[in-house]
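Taking it in order: structure first as structure tokens, then the write-up.
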Amino acid sequence: MLLIWRERDGVDTKESNDPTFNACADILKMNGMVGIYPEGNCINEQHIRPLKKGICRIAFLAEERADFDLDVHIIPVGVNYTGAEKFKKWQLINFGKPILLKQYVELYKSNPNQAINILKDDIEKGMQEAVLHIPHSHYHKDVEELAFIHGRYRIMSEHRKYEPVSKLYAEKEIAAEIENLRHTDSDGMKKLVHDLHQYQKRRDALHFRENTFDPARHDSFSIGFMALYFIFFLPFFLFGLVTNILPYTLIHKTVESKIKQKIFWSSLKYVFGLILFPIYYLILTILVKVWLGSWLSAGHIPGNVPHHRKYRILLHL
């Protein structure tokens with residue numbers, strides 16, 4: 001990982017970033033690969049922000065050092081999250097069409113700044129194609145929610161599998177349709193958003209999730225199977241809940257109260273969990289050993305323990 005300085009860091013970015021730019025150009029010259037986050041900041045939103053020019057300067061620098069015979073390819077990559085701040089959510093890494101630097105070389109030789117700006121815009125468009133990109137507006141969050149709801153409904157109604165790739169492209173189609181409505185029918189857009197807000201209030205008041213309305217969940221067999229499933233695993237759930245609620249709640253509350261950017265929540269919870277949970281389980285093991293008298297006694301109930309205490313120990317274990 002190579003350091004990049006930003007203007008807000010209070011340094012001369014051109015001079016400070018030269019060593020990193022040179023290192024990246026050398027890697028490309030040796031047929032290596034360089035991964036760059038060209039937006040230059042970290043904000044969790046369904047929107048590609050304006051790119052910085054560093055990625056273009058690095059690519060042209062590498063070509064210059066190889067007498068413009070390197071044939072650098074720039075591949076736009078979209079990283080799509082369904083819940084970056086949570087566990088057990090989807091992440092889709094989507095590779096777009098390669099952008100060939102040789103298409104910009106002649107312009108670069110005559111007008112470097114113009115070539116850099118055009119290349120930067122083309123990379124930005126390529127990244128927008130690889131993600132759900134919603135232009136900034138007053139309705140940004142509403143368009144995002146509508147794309148999610150209607151994208152899911154469209155996939156289900158067409159009897160397709162709901163998975164990261166189908167979800168992404170269905171939502172891109174819906175978002176484009178809604179953006180067209182926003183520009184062509186302002187009254188229709190206002191009514192659509194009003195209806196969305198009313199729907200969200202009723203859904204959230206009932207503590208429903210969007211998948212509650214999936215047709216497959218309304219089948220009598222599915223309902224019966226899930227009822228048996230929850231009944232059977234309820235004791236295991238309760239045991240896991242009671243055993244782990246203390247460290248989980250401590251980590252959960254601490255991270256969410258101290259860290260403002262939600263995109264960092266899951267990473268920090270994971271790291272703190274790696275540290276805290278082993279310590280917590282070690283303490284539990286020691287307590288069981290002290291209570292039952294030996295390390296092995298946690299695996300069985302001594303014969304001379306009264307029946308009522310055996311019951312309590314079993315519940316504890």
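Positions are given from 1 along the sequence.
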Least distance between heavy atoms, [X] atom then [Y] atom:
X: A130; Y: G78; answer: CB-N, 3.6 Å
X: A175; Y: L132; answer: CB-CD1, 3.9 Å
X: P76; Y: G126; answer: CB-C, 3.5 Å
X: L28; Y: L70; answer: O-CD2, 3.7 Å
X: C24; Y: L2; answer: SG-CD1, 3.9 Å

Test your reading of the model: is there a side-chain donor-acceptor pair from [X] to the backbone of [Y], 3.5 Å cut-off?
X: D185; Y: G188; value: yes
X: S166; Y: K161; value: yes
X: N22; Y: D18; value: yes
X: D204; Y: H207; value: no
X: N17; Y: I4; value: no
X: D142; Y: V193; value: no
X: N111; Y: L107; value: no
X: H140; Y: I134; value: yes

Please list, chain by chain and in numerical order, all residues satisfying ring-ring contact (aromatic ring centres under 6.0 Å, His included) with Y248, sequence neighbours excluded.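 Expected list: H252.
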Please list, chain by chain and in numerical order, all residues satisfying ring-ring contact (aromatic ring centres under 6.0 Å, His included) with F213, sequence neighbours excluded. F208
Do the non-hydrogen side-chain atoms of [X] and [Y] ever get within less than 4.5 Å of each other?
X: E173; Y: L168; answer: no
X: Y81; Y: K89; answer: no
X: N94; Y: V131; answer: no
X: L3; Y: W5; answer: yes
X: M156; Y: D214; answer: yes

Other residues, nucleotides and ligands only: do more than 12 of their heavy atoms fall within 6.0 Å of [atom1] on [X]?
X: E15; atom1: CD; answer: no
X: F21; atom1: CZ; answer: yes
X: D69; atom1: CG; answer: no
X: K262; atom1: NZ; answer: no
X: K52; atom1: NZ; answer: no

Those residues that, when tested against [X], pass salt bridge (charged side-chain N to carboxylate O under 4.0 Å, His left out) (two or more places apart):
X: E124; answer: none
X: D121; answer: none
X: E163; answer: none

Run the numbers on K191 and D195 for salt bridge (charged side-chain N to carboxylate O under 4.0 Å, His left out), then give the verdict. CA-CA 6 Å; K191 183 179 186 308; D195 292 344; 3.0 Å; yes
F232 and L234: same hydrophobic cluster, using ILVMFWY side-chain contacts below 4.5 Å? no
Measuring from [X]:[atom1] to [Y]:[atom2], what's the distance to the nearest 0.5 Å?
X: T243; Y: L284; atom1: OG1; atom2: CG; answer: 7.0 Å
X: E145; Y: I178; atom1: CD; atom2: CD1; answer: 10.5 Å
X: Q261; Y: L268; atom1: CD; atom2: CG; answer: 11.0 Å
X: C56; Y: I123; atom1: SG; atom2: CD1; answer: 4.0 Å
X: E129; Y: I48; atom1: CD; atom2: CD1; answer: 11.0 Å
X: L196; Y: K201; atom1: CG; atom2: NZ; answer: 11.0 Å

Could you work out the complete set of other residues in the hydrophobic cluster of [X], with links drawn between I, L, V, M, F, W and Y side chains under 4.5 Å apart?
X: M30; result: none
X: I279; result: V271, I275, I283, L287
X: V77; result: I75, I93, F95
X: I231; result: none

When you check the gap from the basic side-chain N to the acidic O, do [X] and [Y] get nearer than 4.0 Å?
X: R49; Y: E45; value: yes
X: R152; Y: E171; value: no
X: R154; Y: E177; value: yes
X: E63; Y: K102; value: no

When you compare the side chains of N80 and K167, does any donor N or O come within less than 3.5 Å of an acceptor on the partner?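 No, no side-chain donor-acceptor pair sits under 3.5 Å.
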Pairs satisfying ring-ring contact (aromatic ring centres under 6.0 Å, His included), at least one member in [range], at least two apart:
range: residues 156-199; answer: W90-Y162
range: residues 261-285; answer: F277-Y281
range: residues 24-65; answer: H47-H133, H47-H136, F60-Y108

